Amino acid sequence: MKQNLFVYNTLTRKKEEFKPLNPPHVGMYVCGPTVYSDAHMGNSRTYISFDLIFRYLTHLGYKVRYVRNITDAGHLEGDADEGEDKISKKAKLAQLEPMEIVQKYTVGFHEVMELLNILPPSIEPTATGHVIEQIELVKEILKSGYAYEVDGSVYFDVEKYSSSHDYGILNGRNLEDLLNNTRNLGGQQDKKGKLDFALWIKAKSEHLMKWPSPWSVGFPGWHLECSAMSNKYLGGQFDIHGGGLDLVPTHHTNEIAQNMASCGKIPANYWLHTNMLTVNGQKMSKSLGNSFLPHELFSGNNSILNKAYSPMTVRFFMLQAHYRSTLDFGNEAMEASEKGFKRLMNAFDLIDDLKASSSTDVEIKPLLNRCYEAMNDDFNSPVLIAELFEASRIINSVYDGKLKIDEDNLQLLKQLMKSFVLDVLGLKDEQAAGDDLPQLLNFIVNLRNEAKSNQDYATSDKIRDGLQKIGFQLKDTKEGTNWTKI
RNA sequence: GGUCAGGUGGCCGAGCGGUUAGGCACAGGUCUGCAAAACCUGGGACAGCGGUUCAAAUCCGCUUCUGACCUCCA
């Protein structure tokens, strides 16, 4: 943990040295999915980005408590009073229990996370499991005077809060701007101010998901759950709060207001936000119709895709861009990543076959330092990957006998590759061969070598090309013939 | 309309005052029976126009284009 890690903090709009409140412990809260439909690739990018952050902090030796919620109630369609809960709406349409919807999409979400090799968080709390905590939080905010009740619903009073607090602290906008630029929505007659947002919503009789509370039988507002659950599992003040960039102006802004009103503290010291995945320069979103699902990408089953791409290709593609930059999806870029990823993993597979020499042509220490420098600079994975390609060049050269490496440097090189490729970037080899496959292949390769030594190239080429077609590549070297799975 | 981000070679994408990442594609070479892979070499870019500076893709100004947010959104 001797590294000086710098992170970009949305709250201060600059890079700051990361200093946890209680080292070696780190508390991190990331806003998770609303499970009313399948998460698309853009959503997945955020979870890959925070997986990288989680993995690097862990690699540095921090004991991270990573909380990522599941929103299974309270997320409204639109911000108006009569806005319907997204899950309730879907349940009615499908004629299912809301919890059936929740279960279906939660399971699907976990499957995708596993395919992308995204580690599960330490705690994955649900909104429905914390209604009591949310009701308590509403009581606190009412007690502090920053909320008011109208006909069974409770609203946060943004204008009153603004008189003593900086409501726009996270997105740097002042109240006047916000007021002048907020559109008038229908069905908000209960609210005193147009920026006010719901903490508790009285349910209409046909509403499916509702709970008793001191104000009405109803359900909690969307922003409330994150305040309640982060507080419960990480305390009133913790280290990192994250989510997609699009959560800054509303969700996170309101979350901070709720916490300030109830505890008097901004919940997290560092606010990290991941940028969007775009398609032809436009944000991927369901409403624009340019989104696609992870499974479509993995199967190639979408008109936008030229072919299928494996989960690790997708992960690698995303890690080749910095998490705070937009990343534009394209078939050409995906194919480039697919080839690059194979190149990296082929080199990775060779490290255990490398032989040490008594002298060395390469020094690994500076390379290792550069890997850490890259990650310490706000988790700069694209620069890290560039360094890993330099490591790959060294591995290939040593393997080909073009460079010499001594035992110390070889050990360092192995450690570097294993730590950064596997642990930090979370990449894994997707084409591991079965146990009996090597024997089988060696047998075929020997057969081909016999043909070759008889100058029966017709046969030897037939074997080589045949193996190539089913995914095995032969490589003739001075020491003999090797094969790799492609 | 308001606010905020960006425009980097054929594509994706780092860099953000001096030494021009990286991957893919392309060209030449080494190796090979021929290949593939690998390695070596190479070309090419910083939206436009001004300004600051010994020095600018990087700082400042203007123009232009694109996007995000302001409404649910990762």
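Convention: sequence-line order gives letters A, B, ...; per-chain numbering from 1. Every value quoted in this text rests on a predicted model; they were computed, and no experiment measured them.
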d([atom1], [X]; [atom2], [N]) in whole Å:
X	N	atom1	atom2	result
A:K475	B:A36	NZ	P	13 Å
A:L344	B:A37	CG	C1'	16 Å
A:D400	B:G29	CG	P	20 Å
A:H40	B:C72	NE2	C1'	12 Å

Touch class at under 4.0 angstrom, heavy-atom based, for [X] against every strand present:
X	result
A:R393	sugar-phosphate
A:D476	base
A:G281	sugar-phosphate
A:K286	nothing
A:M284	base

Subject >> Parallel, tilted or perpendicular, as decided by the 30° and 60° cut-offs, for the rings of A:F219 and A:H207 >> reply: parallel

Using a 6.0 Å distance limit plus a 45 degree cone around the ring axis, check whether [X] lies over the aromatic ring of [Y].
X	Y	value
A:R324	A:Y8	yes
A:R343	A:F389	no
A:K286	A:Y36	yes

Side-chain N or O of [X] versus OP1/OP2 of [N]: is the shortest distance under 4.0 Å?
X	N	answer
A:S325	B:G6	no
A:R343	B:G23	yes
A:K342	B:A37	no
A:N380	B:G15	yes
A:K339	B:G23	no

Both distances below 3.5 Å, Watson-Crick or wobble geometry, any strand: find the nucleotide opposite [N].
N	result
B:U58	none
B:C34	none
B:G17	none
B:G6	B:C65
B:G22	B:C12

**OP:** Answer yes or no: is there an ion pair linking A:D352 with A:K418, defined by an N-O contact shorter than 4.0 Å?
**Re:** yes

Original post:
Is there a donor and acceptor pair closer than 3.5 Å between the side chain of A:R464 and the base of B:A36?
Top reply: no

Original post:
Is there a donor and acceptor pair, one atom on the side chain of A:D328 and one on the base of B:G67, closer than 3.5 Å?
Top reply: no

Nearest-nucleotide pick for [X], side chain only, options being [options]:
X	options	value
A:A386	B:G23, B:C4, B:A21	B:A21
A:R173	B:G23, B:G2, B:C34	B:G2
A:K402	B:G23, B:C40, B:A38	B:A38

**OP:** State, yes or no, whether a side-chain contact exists between A:C371 and A:L416 at a heavy-atom distance under 4.5 Å.
**Re:** yes

**OP:** May I ask whether A:Y457 stacks on the base of B:G33, given the cut-offs of 5.5 Å between ring centres and 30° between planes?
**Re:** yes

